[in-house]
Amino acid sequence: MSSVLALASRLRGMSNTELVEAVRRRGFSTTGIKDFFDLAEAFLAEASVQQTLSRLERPTLAVLAAAGSLAVEGTAPSTADVASQLRSLGARTASPESVAARAAECAELLLAAVEGDVITVYDSVREKLAAWPSLGLPGEAELASAPQPASLGSVPDTDRRFVDRLAADRAFATTTAITELLTGLEHEPARELSRGGIALPDSKRLASAMSVDLDAVPVHLAVADRAALVAREGNTWMVTEAGASWLLQPSSTRWVLLSAAWLDALPGDIRHLLSERTRSLWGSGLRGYIDWLYPAGGDWMDERVSAGTVHAELLGITANNAPSSPGSLLLAGKTDAAASSMAALLPPEVEQVYLQHDLSVVAPGPLTPEVDARLRSLADVENRSLASTYRISASSLNRAMAAGESAESLLEFLGGISLTGIPQPLDYLIAETAQRYGLVRAGELHDTVIAHPAARSYLRSDDADLLSAIAVDQSLSALGLIRVSSSRILARCDRDVLFWAVSEARYPVAAEDADGSIVSLRRHHSTRVAVASAPDPVDALIERLRLGESDGDDENDQAWLVRQLEVAIRSKAALTVTITMPNGTDVDYQLEPTSLGGGRLRARDRKSAIERTLPLSSISGIAPAL
């Protein structure tokens, strides 16, 4: 029986969970798959097989190649046979137990079938591996015998303090940049383009806030995404609840959460390698080992390794290809010790600042998360580094008051963190902003406006001149403002959108409810998880296959029989066909099916060398030819 027939029957007997896992691991398109035969052909397609083989380790490939070469017509090798074959080819360690473990991995990937201790490699897999030498890839003997590269070189102890210093600088810069990334996404989510990548206006906005080059934004976004600090909701990048919580953690905790996510994303074999060589140089030695371990990895493995090493440098896990002290502890699985080690290297956090007469705020070091978050609510970040600078303005104070602050609470907070008291200009600005706050009110329309049915919100004020200035402000033209009276403007957007736009334009606006009472607003966009915008195609495929499979129905059983015979005809496979005779007895024929039509099977009888024509209704079973 052909591999497609055997695999189709195997797929049909698998649970839904096993099917979903298998399809996801193989990662091919589900388009055009109508039944289990189509699915089996997709698993055994040349491109799918090659892609899966390229992601297997050398020892596993050696087991597959040896099992395939030992197979002869009608038989398959045992684990002991494969182990013996590998040893004869020069493999240093090859036991039946290790072969069985590797074979089980191949069976899970549907590259082979394992029954007891017998390994059956599917035909297309065996043929692809046999053709590897012609493609410049290692054959069976080279897969088994090629020696593992030498160990990675060690980092001299005298260099470690320089490595640690550079690693700490990078760790601080990266955690700072990701802090600004999350803060920027909280303020305004970023749009993902249909072709991939963040929209250019959002990229520029985030790059400016993060103080990084434009090309560095997607790199930092990938680090944050891997740690589940951000997620895509539809085509929009937003901060997750985990990201909002991360912003309130100390710098060393932020670093270890990012770094632990990096470590978890590493392939298991590479993570194991690095955990045993925590004081070794990476560079060309690591690349050479990976090239040996994944001989067909190609661009896919290069991209994975490059992303891993680039992010390790970015996070300060390594510096110039040498693991830092915190990085070595992290690789050894000592997460808490790694966090403590990095905390000792990072600049200490402070809780007090200098308030200047020009309304700037200078922090002599990185602020504690609590102070930083509160200060950001009433001031804008101008420069973010070891000594960060913030700027207080009427607009930023208006934003704070919209979130529930008052003149008294602002003065109390600033007085508590200031090393220089509260300068007079700042005192005057807070008093003036508090006095003017709410001169303009933004509310939601609850009644139908006949003359302007598209209106959804309003601005009102007793100061007609102030409303006139808002009405002609070009920065607010996108809101669709409509002046309906000297004290009222209508808008086509929601109240919150109207409020934040007018507030950012530096007008003393407050949000109000239906009763005219001022309400507090906080600009905070977050999501729990990335929400799928469409049904999962893999789940839909399995559901479709189950709806069409046999469940004791004669019509479905007949369709399954016909599909088996069609595949056998196409692949020229020999079968044992069981026929139920009129007297109720069963007779087995060794046949090579040639055609189907009119409810009959035409096939060549292998034993008598004649052509037989058999009614499909008499066929009670199909099995591999003996």
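Everything quoted here is computed from the prediction, not taken from an experiment.
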**Prompt:** Between Glu313 and Asn321, does a side-chain contact (heavy atoms from CB on, under 4.5 Å) hold up when you go through it step by step?
**Reply:** CA-CA 7 Å; Glu313 291 280 322; Asn321 291 321; 4.1 Å; yes
**Asked** Should Ser487 and Arg460 count as side-chain neighbours, where that means a heavy-atom distance under 4.5 Å?
**Response** no
**Request:** Determine the minimum heavy-atom distance between Ser328 and Pro323, stating which atoms define it.
**Result:** OG-CB, 3.6 Å
**Asked** Distance-only, no hydrogens or angles: does the Ser418 side chain make a donor-acceptor pair with backbone N or O of Gly415 under 3.5 Å?
**Response** no
**Message:** In the structure I gave you, are the side-chain heavy atoms of Val484 and Ile489 within less than 4.5 Å of one another anywhere?
**Reply:** no
**Item:** Geometric cation-pi criterion, Arg488 with Tyr458: 6.0 Å, 45°
**Value:** yes
**Prompt:** Which pairs with one or both residues in residues 400-415 pass salt bridge (Lys or Arg N to Asp or Glu O under 4.0 Å), sequence neighbours excluded?
**Reply:** Arg374-Glu405
**Item:** Chi angles and distances behind the side-chain contact (heavy atoms from CB on, under 4.5 Å) call for Trp262, Leu315
**Value:** CA-CA 9 Å; Trp262 169 87; Leu315 289 165; 4.1 Å; yes
**Prompt:** Are Arg165 and Leu345 side-chain neighbours, meaning at least one heavy-atom pair lies under 4.5 Å?
**Reply:** no
**Message:** Quick check for you: to the nearest 0.5 Å, what is the distance between Thr433 atom OG1 and Tyr428 atom OH?
**Reply:** 14.5 Å
**Message:** Within the structure provided, determine whether Asn320 and Val163 are in side-chain contact (heavy-atom separation under 4.5 Å).
**Reply:** no
**Asked** In this structure, which one of Thr253, Leu314, Leu229 forms a side-chain contact (heavy atoms from CB on, under 4.5 Å) with Leu258?
**Response** Leu229
**Asked** So, Asp380 and Arg399, do they make that salt bridge, N to O below 4.0 Å?
**Response** yes
**Request:** Indicate yes or no: does Arg376 engage Glu180 in a salt bridge with an N to O separation below 4.0 Å.
**Result:** yes
**Min side-chain heavy-atom separation Tyr390-Leu367 under 4.5 Å** = yes
**Message:** Using modelled atom types and a 3.5 Å cut-off, is there a donor and acceptor pairing between side-chain atoms of Glu351 and backbone atoms of Val371?
**Reply:** no
**Message:** When you compare the side chain of Gln356 with that of Val361, does any pair of heavy atoms fall below 4.5 Å?
**Reply:** no
**Prompt:** Do any N or O atoms from the side chain of Ser457 and from the backbone of Cys493 form a donor-acceptor pair under 3.5 angstrom?
**Reply:** yes
**Item:** Enclosure of Gln435 CD (heavy-atom neighbours >12, cutoff 6.0 Å)
**Value:** no
**Message:** Checking side-chain contact (heavy atoms from CB on, under 4.5 Å) between Ile178 and each of Thr176, Thr175, Thr174, which is the one that passes?
**Reply:** Thr174
**Item:** Arg506 atom CZ, over 12 foreign heavy atoms within 6.0 Å
**Value:** no
**Item:** Nearest-0.5 Å distance that lies between atom CG in Asp372 and atom CG in Leu247
**Value:** 8.5 Å
**Asked** Can you name the ring pair (Phe, Tyr, Trp, His ring centres under 6.0 Å) partners of Tyr354, sequence neighbours left out?
**Response** none
**Asked** Is a side-chain donor or acceptor of Glu192 paired with a backbone partner of Gly197 at a separation under 3.5 angstrom?
**Response** yes
**Between CG on residue Leu206 and OG on residue Ser211, distance to nearest 0.5 Å** = 12.0 Å
**Prompt:** Quick one: are Leu182 and Glu186 in side-chain contact, heavy atoms under 4.5 Å?
**Reply:** no
**Message:** Checking side-chain contact (heavy atoms from CB on, under 4.5 Å) between Leu490 and each of Leu481, Leu479, Leu445, which is the one that passes?
**Reply:** Leu445
**Prompt:** What heavy-atom pair brings Ala261 and Ala227 nearest, and what distance separates the two atoms?
**Reply:** CB-CA, 3.6 Å
**Request:** Kindly give the heavy-atom pair with the smallest separation between Tyr437 and Ala402, and that separation in Å.
**Result:** OH-CA, 3.2 Å
**Request:** Go through the steps to decide whether Leu397 and Ile392 satisfy the test side-chain contact (heavy atoms from CB on, under 4.5 Å), and finish with yes or no.
**Result:** CA-CA 7 Å; Leu397 291 175; Ile392 298 175; 3.8 Å; yes
**Asked** How many angstroms lie between atom CD of Glu512 and atom CG of Leu459, to the nearest 0.5 angstrom?
**Response** 10.0 Å
**Message:** Within the structure provided, determine whether Leu414 and Ile430 are in side-chain contact (heavy-atom separation under 4.5 Å).
**Reply:** yes
**Prompt:** Which pair of heavy atoms, one from Ala407 and one from Ala434, lies closest together, and at what distance?
**Reply:** CB-CB, 3.8 Å
**Shortest non-hydrogen contact from Ala339 toward Trp255** = N-CZ3, 4.4 Å
**Message:** Between Tyr507 and Asp473, is the side-chain hydrogen bond (donor to acceptor under 3.5 Å, both in side chains) condition met? List the steps.
**Reply:** CA-CA 11 Å; Tyr507 294 103; Asp473 193 324; 2.7 Å; yes
**Asked** Any salt bridge between Arg456 and Asp494, counting N to O under 4.0 Å?
**Response** yes
**Side-chain donor or acceptor of Thr236 paired with backbone N/O of Arg191 under 3.5 Å** = no
**Complete:** Applied to residues 333-349, the side chain to side chain donor-acceptor pair (under 3.5 Å) test, sequence neighbours excluded, yields Ser251-Glu349
**Asked** Between Asp513 and Arg495, is the closest basic N to carboxylate O distance under 4.0 Å?
**Response** no
**Request:** Determine yes or no for a side-chain-to-main-chain donor-acceptor pair under 3.5 angstrom, with Arg492 supplying the side chain and Ala454 the backbone.
**Result:** no
**Asked** Taking Arg205 for the side chain and Glu188 for the main chain, is one N or O donor matched with an acceptor at less than 3.5 Å?
**Response** yes
**Any donor-acceptor pair under 3.5 Å from Thr240 side chain to Ala231 backbone** = no
**Nearest-0.5 Å distance that lies between atom CZ in Arg441 and atom CG in Asp462** = 9.5 Å
**Request:** Mind listing the closest non-hydrogen atom pair of Ser468 and Arg483 along with its distance?
**Result:** OG-NH1, 3.1 Å
**Message:** Does Arg161 form a salt bridge (charged side-chain N to carboxylate O under 4.0 Å, His left out) with Asp164? I'd like the steps, not just the answer.
**Reply:** CA-CA 5 Å; Arg161 59 193 180 98; Asp164 287 350; over 6 Å; no
**Item:** From CA spacing to verdict: side-chain contact (heavy atoms from CB on, under 4.5 Å), Asp215, Val219
**Value:** CA-CA 8 Å; Asp215 293 341; Val219 178; over 6 Å; no
**Request:** Give the C-alpha distance, both sets of side-chain angles, the deciding distance and a yes or no for side-chain hydrogen bond (donor to acceptor under 3.5 Å, both in side chains) between Ser395 and Ser393.
**Result:** CA-CA 5 Å; Ser395 175; Ser393 64; 4.8 Å; no
**Request:** Kindly say whether Ser388 contributes a backbone atom to a donor-acceptor pair with the side chain of Asn383 at under 3.5 angstrom?
**Result:** no
**Asked** Where the side chain of Ser324 meets the backbone of Gly316, is there a donor-acceptor pair that is under 3.5 Å apart?
**Response** yes
**Message:** Show, in sequence, the C-alpha distance, side-chain angles and deciding distance for Ser360 and Asp358, and conclude whether the side-chain hydrogen bond (donor to acceptor under 3.5 Å, both in side chains) test is met.
**Reply:** CA-CA 6 Å; Ser360 64; Asp358 63 355; 2.6 Å; yes
**Asked** Could you give the distance from CG (Leu330) to CG (Leu263), rounded to the nearest 0.5 Å?
**Response** 5.0 Å
